[in-house]
Amino acid sequence: MHLQFLYIIMEYNFQEIEANWRKFWAENKTFAAKDHSDLPKYYVLDMFPYPSGAGLHVGHPLGYIASDIFARYKRAQGFNVLHPMGYDSFGLPAEQYAIQTGQHPRITTEQNVARYRDQLDKIGFSFDWDREVRTSSPDYYKWTQWIFKQLFNSYYDVTQDKAVSISALIAEFEAKGNANVNATTDYEGTFTAAEWNAYSEKEKEARLQEYRLAFLADSWVNWCPALGTVLANDEIVNGKSERGNHTVEQKLMRQWSMRIKAYAERLLTGLEGIDWTDSLKDIQRNWIGKSIGASVTFTVDGGVSGADPRVIEVFTTRPDTIFGVSFMVLAPEHPFVDEITTDEYKTEVENYKASASLKSERDRQADVKNISGQFTGAYAIHPFSGEKVQIWIGDYVLASYGTGAVMAVPCGDQRDWDFAKHFGIEIINIFEDVDIAEAAYTEKEGKIANSDFLSGLTVKKAMKRAIHEIETRGFGKGKTNYRLRDAVFSRQRYWGEPFPVYFKDDLPYLVEDDQLAITLPDVDKYLPTEEGEPPLARATDEAWGDQLQGDRMDYNTMPGWAGSSWYFLRYMDPHNENEFVSKEKVEYWNNVDLYIGGSEHATGHLLYSRFWTKFLYDMGYIPFDEPFKKLINQGMILGRSSFVYRTEDTNQFVTNSKKKEFKTTPIHVDISLVENDILDIEAFKNSREEYANAEFILEDDGTYICGHEVEKMSKSKYNVQTPDELVEKFGADTLRMYEMFLGPLEQSKPWDTQGINGVHNFLRKVWKLVHDRNGNIIVTEGEPTKDALKTLHKTIKKVGDDLDRFSFNTGVSNFMICVNELTDQKCNNKSIIEQLVVLLSSYAPHICEELWVKLGHEAGTVGTQPFPTFNADHLIEANHKYPVSFNGKMRFMLELPTTLSKDEIEKEVLAHETAQKWLDGNDPKKVIVVPGKIVNVVI
RNA sequence: GCCCGGGUGGCGGAAUUGGUAGACGCGCUGGAUUCAAAAUCCAGUGUCUUCGGACGUGCGGGUUCGAUUCCCGCCCCGGGUACCA
């Protein structure tokens, strides 16, 4: 017994080895990144986690392991690597917990961070922990507030195509009014310098708010009564809140917003220069939703009694089809509807509006197939033909997109076609030689007909000509529309960044820089006030202390994406008290070379951080305008749930193969009670009181076999695998390699612990290359064999190539092949094993550090060894084994010298007896010889 | 509907430029070792087979001496998005 225990220790005592090296790395700050270095820099970043109470499961570290291997690889290649980690520590779960328990979210967050840190440390990451950031720390959010101030103090100058200080705009207003101003704004009117200078302070500020990049506006927001807060569009899934699945309604509120629309075009074109997957770029492109076309005005016939004639503006992507317009449709909510409706149609229109408003956005979408609408009795004048066209209202036109009105071209748009057919409206065909009897013609090809000056032109030319005519005749202008909306930036929550804003006479004023950070005041409860004010309104004057200014502080807090939009910059200079990042450091580290994280952030974090980066670039604070050069989305690791089958209304469980004989309900069973699908019946009985007296119908061999299913890992499915227990059982090196071995990084794949033994055995084999059974070092000095050199260099090449293309799974395979071959060769040669250890150290750092020392080197230096150099000479072979095919089917192998010419190879092959057999006396029609590859004989 | 991915043994997956399909690992089968079990080691493992071979990468076609790989048409799965004018 005692001997056996010793024997195991001698073999590969990963627990002791890993604990020692973790301590060594921490004490020696082995992975500290140097801010000043002659080496080229490389920045490897993970999306920092929100520290939730549930801790990490095996899916979380997948990306961290990949990025860590890559960071270590880059160090070996001679780069000065920045590889930091931190916490996105503001967020709703800690606040919800505070509401339930009264515990301050700061305490909850600190506890969770400690737990995360402990879990992360166990996996042996090479993070530079001295650079840790937490978005909820005042040292950090001081600068989030500072960036907000910069946004508040800026507007977007369209002519210069960049953000500019608002003081330049004020100077222009004072000197010349807004006549020459070309800025992104919601303001459409004009004023002179004299008018501006006569404005009251309140009026001036109201006007400026319409230009600022961070601004206050009454906006329709997604209000979630259950959470007592506003949600961003991407925090809503299918009309319900992403967190908690609560109902969301529309509400008009005074909110902070970010004028991200100003950056729509640059966010789009910037995608071209960065190495992200096509699918992710597509998601962002769709989200920004650029459409090119024209805005065209139609005048309402006869006007409105006692007022100027109403002019309806529409947006169209097909100005070339303008002669196909046979009616117009307004959204039921369009402001002109009541004015233009004739007395004759008043009742019908009112009824239609009422029924449309009852339908929620969701109902409308679900009801796409049903065509509905109502004629208003009014007509508009076609700008070119002068014909009268009917004006309808219909709920297929959305008030929130474009101008809330469309010019309907039934021959060229399927929805318009359906609408016209349904209501028997005329369909004008303006396409040459196209039949539109059955459906609209939506292709952008062919020629336009029946269209005055556009007739005979191709669609492409007609578009240009149409826009030209529209502009010269004053009916409108070429225009580009974006689906992207400005982002609401305030939340009625407690656990977020307070705004550096106070109000005086209801006007917002910024807190001075030297008074930042405005820290969170304590409150008695983490809920909205009785009057529906945010939780910060509960803070007493004492709680605010000397931070209190003006009539009151801003009671909102910033959304989750505020802190995460710039955190990658703070890692470069985490302790700087005077700047968010120093110029010198941001110029050295520059943007992120490799960013790894989930694709669920495609339209949130990844868009907002690009926006802020472009803004900070415009203001001259940073030298780049894209934050993440290369992005990899790691796939999800799915859980493998186990099921037992209970027969209905009993306490009797049926084994998997017999469950069909009964009426059963599948019940999730904790995966820790199951091994290789076999249920530990005693443990199951003990797991819950209700199972104590359970009865079982077993397999014929007396076991209970569980069913299984692959699904998302979650507590409620009892399929969560934590990394901790695996590190305990197999070691961090095994876990790291196994997670990589599961499959391609980007792919979703099921978690299955069965295979982990294979990887663990691999590491034991590595250990055995250096040790005998008693733990003695057995490496030999001297020249390595040719075979060993070939094995090593083949591996150097493959592992290096695999790393360069982020194929971590095949890298692990290649290590296994290498070690299998060296074991077969009985190779214990020191020079070979040393290089293997250096190569392997990025994947399995603990064991490699240990072996490196045992091979006689200084502790902690394996990571700084240069990546082994590949030498192709070792792979040169005298012979090549040719697969010989007949008509493309492989028939036999033939080993031939690599020096042979094509003709000589052909001769040798045809002379071979097996070839003669397949030829069966016939002459080959053709023989294809690819030297060094294959031979194919065609008969 | 539209836009992206993907479909290969019992399972996870490999095949990087059109050149031996199934590397590597798991699982399974048989054997060695053991009082026994675990662990370890060895051999086998795509399907069918009359043991010659035939078939085989979602389905149907095509290009090619040769196709998992390229082209055309379809089916299924995953993700994104949607009366976006």
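In what follows, every chain begins at residue 1, and chains take the letters A, B, ... in the order their sequences are listed.
The separation of B/A67 from B/G61, taken at their P atoms, amounts to 14 Å, rounded to a whole angstrom. Separating the C1' atom of B/G46 from that of B/G56 is a span of 8 Å, rounded to the nearest Å. Annotation: B/G13 and B/C76 have their P atoms spaced 23 Å apart (nearest Å). Distance check on atom P: B/U45 versus B/G25 gives 15 Å, rounded to whole Å.
Across the strands present, B/U17 finds no partner; the criterion is a Watson-Crick or G-U wobble pair with both atom distances under 3.5 angstrom. Nucleotide B/G78: paired with B/C4 (Watson-Crick or G-U wobble, both distances less than 3.5 Å). With a 3.5 Å ceiling on both atom-pair distances, B/A36 lacks any Watson-Crick or G-U wobble partner. Across all strands shown, nothing is found opposite B/G22 as a Watson-Crick or G-U wobble partner with both distances under 3.5 Å. Pair assignment for B/G66 gives none, since no Watson-Crick or G-U wobble pairing has each distance under 3.5 Å. B/U29: Watson-Crick or G-U partner is B/A43, with both key distances under 3.5 Å.
Atoms CE (A/Met737) and C1' (B/C24) sit 11 Å apart, rounded to a whole Å. Whole-Å rounding puts the A/Leu894 CG to B/U20 C1' distance at 13 Å.
Looking at heavy-atom distances under 4.0 Å, A/Asn809 makes contact with sugar-phosphate atoms alone, never a base. Within the nucleic acid shown, A/Ile928 comes within 4.0 Å of at least one base atom, counting heavy atoms only. Here A/Met893 lies in heavy-atom contact (under 4.0 Å) with a base. Among the heavy atoms of the strands, none lies under 4.0 Å from A/Arg640. Within the 4.0 angstrom heavy-atom criterion, only backbone atoms of the sugar-phosphate kind lie near A/Gln747; the bases stay farther away. Counting any heavy atom pair closer than 4.0 Å across all strands shown, A/Lys889 reaches sugar-phosphate atoms only and no base atom. Counting non-hydrogen atoms under 4.0 angstrom, A/Asp416 reaches nothing in the nucleic acid. Counting any heavy atom pair closer than 4.0 Å across all strands shown, A/Lys917 reaches sugar-phosphate atoms only and no base atom.
A/Asn814 places a side-chain N or O within 3.5 Å of a backbone atom of A/Thr810 that can act as its donor or acceptor partner.
Ring geometry, A/His912 versus A/Phe892: the interplanar angle falls under 30°, so the pair is classed parallel (tilted spans 30 to 60°). Ring orientation note: the planes of A/Tyr882 and A/His880 are nearly perpendicular, at an angle over 60° on the 30°/60° scale. Aromatic ring pairs are classed by plane angle as parallel below 30°, tilted from 30° to 60° and perpendicular above 60°; the pair A/Phe423 and A/Trp392 is tilted.
Glycosidic conformation at B/G44 (O4'-C1'-N9-C4 for purines, O4'-C1'-N1-C2 for pyrimidines): anti, more than 90° from 0. Base orientation for B/G46: anti, the chi torsion being more than 90° from 0.
Nearest-nucleotide positions on RNA chain B place A/Lys798 closer to the 5' end than the other of A/Lys798 and A/Arg483. Between A/Asn814 and A/Ala405, the residue anchored nearer the 5' end of RNA chain B, judged by the nucleotide with its closest heavy atom, is A/Asn814.
Proximity note for A/Ile934 (side chain, C-beta onward) versus B/G12, B/U40, B/U20: the nearest is B/U20. In the set B/A85, B/U20, B/C4, the nucleotide with an atom closest to the side chain of A/Ser291 is B/A85. Proximity note for A/Arg415 (side chain, C-beta onward) versus B/G5, B/C65, B/C83: the nearest is B/C83. When each of B/A85, B/C84, B/U40 is scored by its nearest atom to the side-chain atoms of A/Val406, the top-ranked nucleotide is B/A85. Closest contact between the side chain of A/Asn820 and the listed nucleotides B/A14, B/G25, B/C83 involves B/G25. Distances were taken from every side-chain heavy atom of A/Asn761 (C-beta onward) to each of B/A14, B/C65, B/C26; the shortest belongs to B/C26. The side chain of A/Ser813 approaches B/C24 more closely than any other nucleotide in the set B/C24, B/A15, B/G13. Checking B/U16, B/C24, B/A85 against every side-chain atom of A/Met816, the shortest atom distance belongs to B/C24. Of the candidate nucleotides B/G25, B/C83, B/G19, B/C83 has the atom lying nearest to any side-chain atom of A/Leu398. With B/G12, B/U20, B/A14 as the choices, the nucleotide that has an atom nearest any side-chain atom of A/Thr810 turns out to be B/A14.
Not a single donor-acceptor pair, N or O on each side, falls under 3.5 Å between the base of B/C4 and the side chain of A/Asp282. Side-chain to base pairing of A/Asp752 with B/C26: no donor and acceptor N or O lie closer than 3.5 Å to each other.
Annotation: cation-pi pair A/Arg891/A/Trp918 present, NZ/CZ under 6.0 Å from the ring centroid and within 45° of its normal.
Donor-acceptor pairing under 3.5 Å is lacking for the side chains of A/Lys712 and A/Asn719.
A salt bridge is absent between A/Asp278 and A/Lys281; no separation between the charged side-chain nitrogens and carboxylate oxygens falls under 4.0 Å.
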Verify salt bridge (Lys or Arg N to Asp or Glu O under 4.0 Å) between A/Glu265 and A/Lys290, making sure each step is shown before the conclusion. CA-CA 8 Å; A/Glu265 187 61 32; A/Lys290 179 181 186 175; 3.0 Å; yes
